[in-house]
Amino acid sequence: ACSSDSSSASAPSSASSASADASASASDAPSASGSAAAPGAVGAGCNPTDLTTMAPKSLLLATSEPAFEPWMVDNDPTTGKGFESAVAYAVAEKLGYTKEQIFWMRVSFEAGTTPGPKPFDFDINQYSISAQRAEAVDFSSSYYDITQAVITVKGSSLEKASDLASLKGAKLGAMLGTTSLDAISASIDPTNKPAVFDDNTAGAAALQNGQIDGLVVDLPTAFYMTGAQLTDGIVIGQLPPTSTDTEQLGLILQKDSPLTKCVTAAVDALRADGTLASLADQWLAGSGAPVLK
Amino acid sequence: MSLLNVQALRKTFGANVILDNFDLAVDSHECVTLIGASGSGKSTLLRCINLLEIVDDGQIFLDGEDITDPSVDADTVRARVGIVFQAFNLFPHMSVLNNITLAPRRVHGVGKDQAEHEAMEMLDRVGLRSKASARPDSLSGGQQQRVAIARALVNKPILMLFDEVTSALDPELVGEVLAMMKDLKSDGMTMVIATHEMGFAQQVSDRVVFLEGGCVAESGPPEQVLVDPVDPRTQQFLKRIIDAGRL
Amino acid sequence: MSLLNVQALRKTFGANVILDNFDLAVDSHECVTLIGASGSGKSTLLRCINLLEIVDDGQIFLDGEDITDPSVDADTVRARVGIVFQAFNLFPHMSVLNNITLAPRRVHGVGKDQAEHEAMEMLDRVGLRSKASARPDSLSGGQQQRVAIARALVNKPILMLFDEVTSALDPELVGEVLAMMKDLKSDGMTMVIATHEMGFAQQVSDRVVFLEGGCVAESGPPEQVLVDPVDPRTQQFLKRIIDAGRL
Amino acid sequence: MSPDSHAWSPSKVALSRAAYRRSRARRSLVIAAVITVVVATVTVWGVLNSTGWPRFQKAFLNLSYGKKVFPDILNGLWLNIRLMLLCGVCIVILAMLVALMRNLRGPAFFPLRALATIYTDVFRGVPLILVLLLLGFGVPSLRIDWLPRDPLFWGCASLILVYGAYVSEVFRAGIESVHPSQRAAARSLGLSHGKMMRYVVVPQAVRRVMPPLLNDMVALQKDTGLLYVLGAVAYDAILRAKIATAQTFNYTPYVVAGILFILITIPLTRLTDFIARRQGWVSGGIV
Amino acid sequence: MSPDSHAWSPSKVALSRAAYRRSRARRSLVIAAVITVVVATVTVWGVLNSTGWPRFQKAFLNLSYGKKVFPDILNGLWLNIRLMLLCGVCIVILAMLVALMRNLRGPAFFPLRALATIYTDVFRGVPLILVLLLLGFGVPSLRIDWLPRDPLFWGCASLILVYGAYVSEVFRAGIESVHPSQRAAARSLGLSHGKMMRYVVVPQAVRRVMPPLLNDMVALQKDTGLLYVLGAVAYDAILRAKIATAQTFNYTPYVVAGILFILITIPLTRLTDFIARRQGWVSGGIV
Ligand SMILES: Nc1ncnc2c1ncn2[C@@H]1O[C@H](COP(=O)(O)OP(=O)(O)OP(=O)(O)O)[C@@H](O)[C@H]1O
Ligand SMILES: Nc1ncnc2c1ncn2[C@@H]1O[C@H](COP(=O)(O)OP(=O)(O)OP(=O)(O)O)[C@@H](O)[C@H]1O
Ligand SMILES: [Mg+2]
Ligand SMILES: [Mg+2]
C-alpha cells in the first residue's frame with residue numbers, strides 16, 4: 001500500500017503560520033475582527049463546543065492549490081488577505097472560532113464536488129450555487145453575487161468592442177469548471193466554440209499571444225487580471241445575467257452536513273451586518289464596468 | 001518388459017496426419033535408431049514421447065506407466081526422459097555452465113557447488129571446459145550442440161532421446177560423442193535416436209526403425225535393415241543415401 | 001586469373017585471432033572445399049568474403065576487384081556472391097515463395113510474375129513446390145535448409161559460398177543437392193564450400209583446403225588431401241573422422 | 001503420411017482421455033464460476049447495502065443524466081478518434097525514422113545517431129504539459145510571422161513529438177530483438193541496409209511490439225484531449241465529461257466516457273492480437 | 001587460432017583502409033557539425049530577433065526566477081521519484097502476474113485467462129482520471145467502514161491498476177516473443193511451467209521489452225502528480241511548477257521541472273540500454 005506522506009496539508013505547520021499571520025491580519029481586516037461576536041452568535045448549537053467538525057474545537061477549511069488573486073493574496077489563505085480568505089475567517093469567527101482554531105488544507109476542484117466524505121469542514125473556492133450541484137453537495141447561502149465579464153488586450157480585434165453583437169464572431173475563452181463557459185453560450189452564443197482552459201493563467205497566455213480575442217472571467221478576476229497580470233489588458237464589460245437569478249457564490253460542505261445550517265446562518269449574519277459588502281469593497285476592485293447589451 | 005512402449009499412436013497437425021497407428025517397443029538398455037525421409041515424423045515422435053505434444057490417439061508406456069494419461073505429472077516424466085533437439089535450444093541469456101546446471105539445481109534440487117562440479121565434468125567430456133562461462137551465441141554451431149548434449153546428459157535420465165544431434169557437429173567430434181553414447185549404453189541407458197547418419201546408426205544401435213507413411217515400415221538389427229532391407233520403400237531410401245555417398 | 005583471391009587475410013574477434021595471414025585463390029569454375037575443426041574459422045572466412053565482417057588486414061579480390069576496399073559498394077558485391085548459412089536464416093514472416101523472390105524482385109528488379117515463376121522452378125529442383133506458400137517455421141529442418149539453398153541459387157551469383165549446407169539435410173536429399181551443385185559447376189559456377197561431409201568433399205570438389213591455426217595447413221586435390229595428407233595435423237584430423245565412421 | 005481418406009475413429013482410451021480433459025476443463029470452469037458468483041454477490045451486496053450507495057449511484061451512475069450527455073460525449077469521442085488517427089500516423093512515421101536512425105551502424109552515422117538519441121532523451125524526459133506550453137504558448141509568443149499560431153497545430157505537434165519519442169523506443173526494442181542472422185541473411189542476398197530494414201527487419205520488429213505500440217496508441221487517444229490546455233477548441237470526450245461534471249457535480253459523464261473508451265479499445269486490442277498471432281510463431285506444442 | 005603472442009603490425013593497405021574510414025567518419029562529422037551550426041545559428045538568430053523574444057525569455061527562461069524556484073521543484077521531484085518507485089514495484093509485480101495468467105495454456109485455465117484479459121481491457125481502456133475519481137471519491141463515498149479512505153492510498157491504487165494494465169501488455173509481448181523451442185527445451189529438462197517461466201522465458205522476455213517498460217516507468221513518474229486530483233495534494237514537481245507559475249505568470253518553473261525530469265530520465269535510459277545490451281545478441285558483424 002502507499003504510505004501516507006503528504007496526503008494532506010500538515011496541520012501543525014499551517015497552524016503555526018496561521019497564528020503568526022492571523023495576528024498580523026487582524027489589524028488589516030478591521031471588519032473581520034470588528035464583526036467577531038460572542039460564541040454561538042448565529043444561533044443555538046452553532047459554537048465550537050457543539051459543532052461536529054473534523055477535529056473538535058477547530059475548523060478545517062479548504063481551498064484550491066494554487067489559489068488566485070484577488071480571492072486569496074499570494075496563494076496563502078492563512079493571512080486573511082484576499083476576499084475569500086477574509087470571508088472564511090469572518091464566517092469562522094462568527095461561529096465562535098479563534099484564528100488559532102482555524103486550519104487550512106488544499107484540495108482540487110474535483111475534491112470539492114464529489115459525493116464522498118469530505119476531508120474538510122467547508123471549501124471556499126468561487127463555487128457557484130445551482131440546484132443541480134446542490135444534489136451532490138451542500139451550499140451555504142451566498143457570500144457574493146457575481147457577474148461575468150469579457151476582457152481583452154490592446155491590439156486585439158475586440159479592443160474597441162462595446163456590445164454583445166461585436167463579440168459574436170470573436171474567438172473567446174473561459175476557464176473550465178466556472179460558469180463563465182455557460183455565460184458565453186447563454187449571453188453571446190458565439191459562432192466559434194469557446195476555448196476552454198484549465199486555469200486563467202493559460203487563458204491569459206493565449207489572450208496575450210493573440211490565440212484568442214477575448215477571455216470571459218468573473219468580474220473581480222477581470223479587474224485583477226487586466227490590472228496586474230495582462231500587459232495592456234482591457235475590461236470590455238459585464239455580461240448580462242444569464243437567467244432571472246443572479247449568480248451566487250457559496251461555501252461547499254459535505255452533502256447533509258450538520259454544519260450547513262450554522263455556516264449559512266453565519267454567512268447570513270455577515271451579509272446582514274454589512275461585513276460582506278465592506279470586505280468586497282476592500283478586496284474586490286471597482287465594480288464599475290458597463291453591462292454589455 | 002519394454003522400458004518404452006508406444007502403442008497405436010496417432011498424431012496429426014490439422015488435416016496433416018504425421019503418425020498413424022504407430023507401434024514401437026524399446027527394451028531397457030536398448031538403443032533404437034529412427035531413420036526415414038525428412039518430414040516422416042521422427043522429430044514429432046520424439047516430441048510425443050517427451051510429452052511436448054498431445055497425442056490424438058494411442059498410448060505411450062514408460063516403465064509400465066501410461067504417460068499419455070492426462071492425470072500423469074508430465075514434469076516427472078520429462079525429468080526422467082532427456083532430449084536433445086535438432087535445432088540448438090540453448091538458453092541464450094545464460095552462460096554455458098548455467099545452461100547445464102539449471103535442471104539439476106531447479107528440478108533435482110542439487111546444490112550449486114555440486115551441480116557446477118558435475119557440469120564441469122560433463123563439459124570436460126564434450127571438450128568445452130574452457131567455454132563454461134561463455135554465452136551460447138558466441139559459440140560455433142558445433143560447440144552449441146555439444147553443450148546441448150551435456151545439458152541433457154547431466155540430468156541422468158532413464159531414457160534419452162536424440163534428434164539429429166550430430167548433424168551440426170564436425171566429423172572429428174562425432175567420434176567423441178559416439179564414444180560418450182556408447183559409454184552411456186554400457187551404463188545401461190536406453191536411447192532412441194533420430195538420425196540421418198547411417199554410419200552412426202550402424203555402429204551404435206541395436207535396432208534400426210524405418211519410418212514411412214506414419215508408421216514403421218521396417219524394423220530390425222542394423223546389419224539387416226541397412227544392408228539387406230526387405231521393404232521396397234526402405235530399399236529405395238537406402239539406395240538414395242548410398243548414391244549420396246553417406247553409407 | 002583467379003575469380004576469388006584472398007591475400008594475407010587477418011580477422012580477430014577481440015583478442016581472439018581467427019584468421020591470420022590467410023591466403024586462398026579460387027579459379028573460375030573451381031569448386032573448393034574448406035575442412036577443419038569446429039571453430040577453425042571456416043564460417044568466419046565465408047562471412048569475410050561476403051563482406052559480413054570487416055577484415056583486420058589483408059585483401060580479398062573478387063574478379064580482380066579489391067572488395068575489402070571500403071569505397072567499394074558492398075551490396076553490388078554481395079549480390080554477385082551467394083551464401084547459404086549453417087543455421088537456417090529464412091525470414092519467418094514471409095512465405096517460402098516470398099523468401100525466394102525477395103532478392104530477385106527487390107535487388108535485381110525482376111517482375112513479380114517472372115520472379116515467382118523462377119522461384120517455383122527452383123522449388124521444383126529442391127522438391128518443395130508444394131510448400132511454396134508455407135511459413136518457414138512449419139517446415140522440418142531439412143525442408144528449411146533446402147529453401148535456403150533455393151533462395152541463394154535463384155539470385156544467379158558468380159560465386160557461391162556454402163556453409164555446411166548439408167549438415168541438416170536428410171541423406172536421401174543430399175544426393176539431390178549434390179546433383180544440383182554438380183549442375184551448377186558444369187554451368188561454370190565457382191564455389192567455396194565449408195563442410196564436414198568428407199564424402200561430399202571428395203565427390204564435388206576440385207580442391208580441398210584444410211584450415212588450422214588461422215591459415216591453410218594443407219591444400220590439394222581431394223584424392224591427395226583426404227587420402228594421403230602430408231601435414232601431420234591433417235593426418236590427425238582425418239584419423240578422427242575415419243574413426244567416427246564418416247569417411 | 002497416411003492418406004487423409006483413411007478413416008479414423010478414436011479409440012476407447014482416446015475417448016476417455018478426451019472426456020477426462022473435458023471434465024477437468026469443466027471443473028475449473030465451474031470452480032471459477034462459483035468463485036465469481038460468490039465474490040460478485042458479496043461485493044454487489046456489500047456495495048448495494050452500504051450507507052453511501054444511493055448517493056454513489058446518483059453521483060456516478062445516474063442513468064437518465066448519462067443518457068442525456070451520451071450524444072455529446074460520443075461526439076467528443078469522434079474527435080479523439082480523428083485526432084488519434086491524425087497524430088498516430090505522424091507519430092508512427094516519426095518514431096520509425098528515429099528508431100532507424102538510432103540503428104545505423106558505423107562511425108560515419110554518429111551524428112545521426114546522436115541526434116536521434118538526444119531527441120528521444122529530451123522528449124521522453126519532459127512532461128507533455130511543458131512541451132504543450134512551450135510550443136503552444138511559447139512559440140506563438142515569439143511572434144514570428146510565418147509560424148502558425150493555431151493552438152491545435154502546436155498541440156498536435158507537441159503530442160507527436162512526445163509520443164514519437166516513446167514510440168521510437170518501442171520500435172527500437174523491436175528492431176534490436178530481430179536476430180542478427182536475419183540481417184546477415186538479408187544483406188547477403190544483396191539487399192541494401194534500407195531494403196533489409198524495410199523488407200526483413202522492420203516487419204518482424206513491428207509485429208513483435210504490437211502490444212506496447214497499441215498501448216501508446218490507446219494512451220494517445222486519451223491524451224488528445226489535452227490539447228484544450230492550450231485553448232485549442234478540442235471538445236473531446238473527456239473535456240465534455242469534465243464540463244458536464246463541473247456544471248452538475250455529477251460524475252456520470254466520466255463513466256459514460258470511460259465505457260465508450262473501453263468499447264473502442266477492445267476491438268483494437270483483439271485486432272492487433274490477431275495480426276500479431278497470425279504472423280507469429282507457429283505454436284510449439286502444448287508447453 | 002594463432003598464439004596471441006604473435007606480433008602483428010598492420011599492413012600498408014590495412015592502414016590506408018583505416019585512414020579512409022577515419023576520413024569518412026571525420027567528413028560526416030564535419031558535415032553534421034556544419035549543418036548543426038548553420039541550423040542552430042539561423043534558429044537562434046531568428047528567435048533572438050523575433051519581436052516576442054524579450055517577452056518569451058522573460059516568461060520561459062527567467063534565470064533568477066528559475067534559481068529561486070529550483071529547490072522547491074527539486075523537492076517535489078523527490079516525491080515523484082518516491083511515488084514512482086513505490087508504485088513502480090507494485091505495477092511490475094501486478095503486470096507480470098497478469099501477463100503470466102494470460103500466457104497459461106489449456107482449457108482448464110480459461111477462467112484465469114479471461115479474468116486477466118478483462119482486467120487489461122478495462123483498465124487500459126478507461127482514462128486514468130475516471131479510475132482516480134471512481135476509486136478516490138467513489139469508493140470512500142460508499143462509506144464501507146473497513147475500507148481505507150486515504151486519498152493517497154486510492155490514488156496509488158488507481159495508478160497501479162491503470163499502469164499495471166499497460167505494463168502487462170508489454171510483458172505479454174515480451175513473453176510471446178520468446179521462441180517456442182525455448183519453452184520446449186526448458187520443459188524437456190523437467191522444469192515445471194512456473195520454473196520454465198521464471199528461469200527461461202521471463203528473463204529473456206523482460207530484457208527484450210526493456211525500452212517500452214522504461215517508457216511506462218518514465219510516464220508513470222510524470223503522472224504521479226495526478227494524485228492531486230484526489231485532493232491528496234501530492235506536491236510533486238509539476239504541481240509546484242504550476243503553483244509557482246500561477247503566482248507569477250512566469251513559465252520558468254515548468255522549464256526547470258522539465259530539465260530535472262530529463263536529467264533523471266537519461267541515466268535510467270542509459271542503464272536499461274546497458275542491461276539490455278549486455279544480455280542481448282552478440283553482435284552479428286557489421287550489417
Ligand atoms: N507445429 C507444427 N505445426 C504444423 N505442422 C508441423 C508442426 N511440426 C511439424 N509439422 C509437420 O510435420 C511433419 C513432420 O515433421 P518432423 O519434424 O517430425 O519430421 P522429421 O522426420 O523430423 O524431418 P527432418 O528429418 O527434416 O527433421 C512435417 O511435414 C512438418 O511440416
Ligand atoms: N561474433 C563473434 N564474436 C566473438 N567470437 C566469435 C564470433 N563469431 C565467431 N566467433 C568465434 O570464432 C571462432 C571461429 O568460429 P567459426 O564459426 O568461424 O568456426 P567454424 O570453423 O565455422 O566452426 P563450425 O565447424 O563449428 O561451424 C569460434 O571460436 C567462435 O567462438
Ligand atoms: Mg526432425
Ligand atoms: Mg561454421
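A note on names: the letters A, B, ... follow the listed sequences, proteins ahead of strands, and every chain is numbered from 1.
By the neighbour-count criterion of 12 heavy atoms within 6.0 Å, atom CZ of Arg27(D) is sparsely surrounded, having that number or fewer from other residues, nucleotides or ligands. Other residues, nucleotides and ligands contribute at most 12 non-hydrogen atoms within 6.0 Å of the NE2 atom of His117(C). With a 6.0 Å radius and a threshold of 12 heavy atoms from other residues, nucleotides or ligands, Arg198(D) has its CZ atom at or below the threshold. Residue Arg21(D) places its CZ atom among more than 12 non-hydrogen atoms of other residues, nucleotides or ligands, all under 6.0 Å distant. Sparse packing is recorded around CZ of Phe110(D), with 12 or fewer heavy atoms of other residues, nucleotides or ligands lying under 6.0 Å away. For CZ of Phe109(D), the number of neighbouring non-hydrogen atoms (other residues, nucleotides, ligands) closer than 6.0 Å is 12 at most.
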Arg187(D)/Asp75(C) under salt bridge (Lys or Arg N to Asp or Glu O under 4.0 Å): CA gap, chis, key distance, verdict: CA-CA 7 Å; Arg187(D) 293 307 294 274; Asp75(C) 292 324; 3.0 Å; yes
Could you please spell out the steps behind the side chain to side chain contact (heavy atoms under 4.5 Å, CB included) verdict for Val200(D) and Leu102(C)? CA-CA 10 Å; Val200(D) 175; Leu102(C) 179 67; 3.9 Å; yes
Leu191(D)/Arg78(C) under side chain to side chain contact (heavy atoms under 4.5 Å, CB included): CA gap, chis, key distance, verdict: CA-CA 8 Å; Leu191(D) 269 69; Arg78(C) 292 199 195 100; over 6 Å; no
May I have the step-by-step check of side chain to side chain contact (heavy atoms under 4.5 Å, CB included) for Phe91(C) and Val178(D), ending in yes or no? CA-CA 10 Å; Phe91(C) 306 130; Val178(D) 175; over 6 Å; no
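With a threshold of 4.5 angstrom between heavy atoms, Val77(C) does not approach chain D through any atom at all. With a 4.5 Å cut-off on non-hydrogen atoms, Arg151(C) touches chain D through its backbone and its side chain both.
Looking only at atom types and distance, the side chain of Asn89(C) has a donor-acceptor partner in the side chain of Ser181(D) under 3.5 Å away.
Here the straight-line distance linking atom CG of Asn155(C) with atom OG of Ser188(D) works out to 8.5 Å at 0.5 Å rounding. The distance from the NZ atom of Lys195(D) to the CZ atom of Arg106(C) is 8.5 Å, given to the nearest 0.5 Å. From Arg105(C), atom CZ reaches atom OH of Tyr199(D) across 8.0 Å, with rounding to the nearest 0.5 Å.
Residues Pro92(C) and Gln182(D) form a side-chain contact, since some pair of their non-hydrogen atoms from C-beta on lies under 4.5 Å apart.
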